[in-house]
Amino acid sequence: MKKAIRGRCLSYRGNPFADPVSDCLQYEEDGLIVIEAGHIIGFGPASDILQEIGPGVTVTAYKDALICPGFIDCHVHYPQTEMIGAYGKQLIDWLNKYTFITEQKFANKDYAVRSVKVFLKEMLRAGTTTSAVFCTVHPQSVDAFFEQSAKLNMRNIAGKALMDRFAPTGLKDTAQTGYDETKKLIEKWHGKGRALYAVTPRFAPTSTEEQMEMTGAVWQEHPGTYLQSHVSENKAEIDWVKELYPNHKSYVDVYDHYGQLGERAIFGHAVHFTEEDFRIFSETGTAIAHCPTSNLFLGSGLFQLERAMTGTSPVRVGLATDLGGGTNFSQLVSMNEAYKIAQLNGFALDAHKAFYLITRGAAEALYLEDRIGSLAEGYEADITVLDLKATPILDYRLDHAETLEEQLFALVMLGDDRVTRATYVAGELVYERNHETGDTRFIGI
Ligand code: GUN
Ligand code: ZN
């Protein structure tokens, strides 16, 4: 059954950091998106497309709205949902004091399922339709995630954390069990429906050299899978890596040495990157997940976005929440904080570039730009509808914004999950927020 969505539509088909926005932007003042079997089969000006689709197609029209590709979160930890915003010190203390305590509870699958449900609902409420997700060390935490994700038919990436040292006993695997469990989970989940598997070494400090070796091997043995981890987030963490891996030139060199860089490898943070680090990422096609709310919350530092995108060694970058180090599910909030971090680095991130970083840019970071992240024929129909009258101040501010750029920037500064009016996954409505009352409804979870 064909259906269609009508309204103002915003999408990018190129990278506005590299090319003029006019070459990258597809904006339709009155656009129509035609959907069939979970895919977009037509997109363009409503006046043109309506003539092509013929009668009998249900059209849902959104007034005072902006229709976008579903948002993409390039790095997030679902088990940390319950400890979002936990007060404390910086990364290593925070991991030991809160994270490693919380994650032990995910040995219990029912516990994990309850957490996944809350997490996925918050994602849909935020208008996020794809995420790259860290589960815990327990394989059942991965099963819990993918089982619930499959019910919603979401294109999500996830994997079991690999960690065999410097963690409580209940959170440790071994090089061999980590390898075996990862292999089994890949066979079970990668490519099943819309699920994609990420080999997930937590970060170099919590893996022995033996585990690093076997992690690189299991990833290389399964082409098409992802690898996700953390790098150069915090100064004390970087010093620790130097101590633990004294024979390596740098933190990045550790991952390089163990065969963990390349296409479909994505690393959170990269806050303290050198020119050499950017060069290696650029040359290997490795991507960065920029995690603004987390980097501010944990006092990690100011990511050099402009340098990463437009320096001599450009890197694929997508925005990410990194929850529970991150403090908000909404990628609108990530854009807001990314803007402020860029400002402190002397770069004023404009709204088109920001929206690109949570849609097409994030899809490029995940090597999924041929399937998601844009509104275009043949793409998967993951769509987020933003309510331009969601709050009184947004409504009032937008009344005084003249250009599209000004309107988008007001959304970046004033937006959060209240702005999500509807979320569609593979063409199906899964979440909506009533325009007038603010009441919300989930469908399918
Ligand atoms: N480095 C290793 N594990 C984590 C984590 O859970 N969160 C963050 N922000 N950094 C990490
Ligand atoms: Zn993280």
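Just so you know, ligand 1 is whichever comes first in the structure, and atom 1 is the first atom listed for that ligand. Along the sequence shown, the residues carry numbers beginning at 1.
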Checklist entry - Do the side chain of Trp219 and the main chain of Thr225 share a donor and acceptor less than 3.5 angstrom apart? => result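 Such a contact is found between Trp219 side chain and Thr225 backbone.
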Next on the checklist: Given 3.5 Å as the limit, does a donor-acceptor pair link the side chain of Gln104 with the main chain of Phe100, or not?
Outcome noted: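 Yes: the side chain of Gln104 pairs with the backbone of Phe100.
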Checklist entry - Can we say Lys109 and Glu147 salt-bridge, meaning some charged N sits less than 4.0 Å from an Asp/Glu carboxylate O? => result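 Looking at Lys109 and Glu147, the cut-off is met.
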Checklist entry - With a cut-off of 2.8 Å, does Cys291 place any N/O/S atom under that distance from the Zn ion (ligand 2)? => result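 It does not; every qualifying atom lies at 2.8 Å or beyond.
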Checklist entry - With the Zn ion (ligand 2) at the center, what angle do NE2 from His75 and OD1 from Asp322 span, rounded to 10 degrees? => result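 About 90°, to the nearest ten degrees.
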Checklist entry - Which angle, to 10 degrees, forms at the Zn ion (ligand 2) with NE2 of His77 on one side and NE2 of His230 on the other? => result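 It rounds to 100°.
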Ring-plane angle category for [X] and [Y], please: parallel below 30°, perpendicular beyond 60°, tilted otherwise.
X      : Y      : answer
Phe106 : Tyr78  : perpendicular
His248 : His257 : perpendicular
His230 : His77  : parallel

List ligand 1's nitrogen or oxygen atoms that come under 3.5 Å of a protein nitrogen or oxygen, with the partner atom and distance.
unit_1, atom_1, unit_2, atom_2, d
ligand 1, 3 (N), Arg202, NE, 2.8
ligand 1, 6 (O), Gln80, NE2, 2.9
ligand 1, 6 (O), Arg202, NH2, 2.7
ligand 1, 9 (N), Glu233, OE2, 2.9
ligand 1, 9 (N), Asp322, OD2, 2.8
ligand 1, 10 (N), Glu233, OE1, 2.7
ligand 1, 10 (N), Glu233, OE2, 3.4

Checklist entry - Taking side chain as C-beta onward, heavy atoms only, is Phe281 less than 4.5 Å from Val252? => result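 Heavy-atom side-chain distance check passes, below 4.5 Å.
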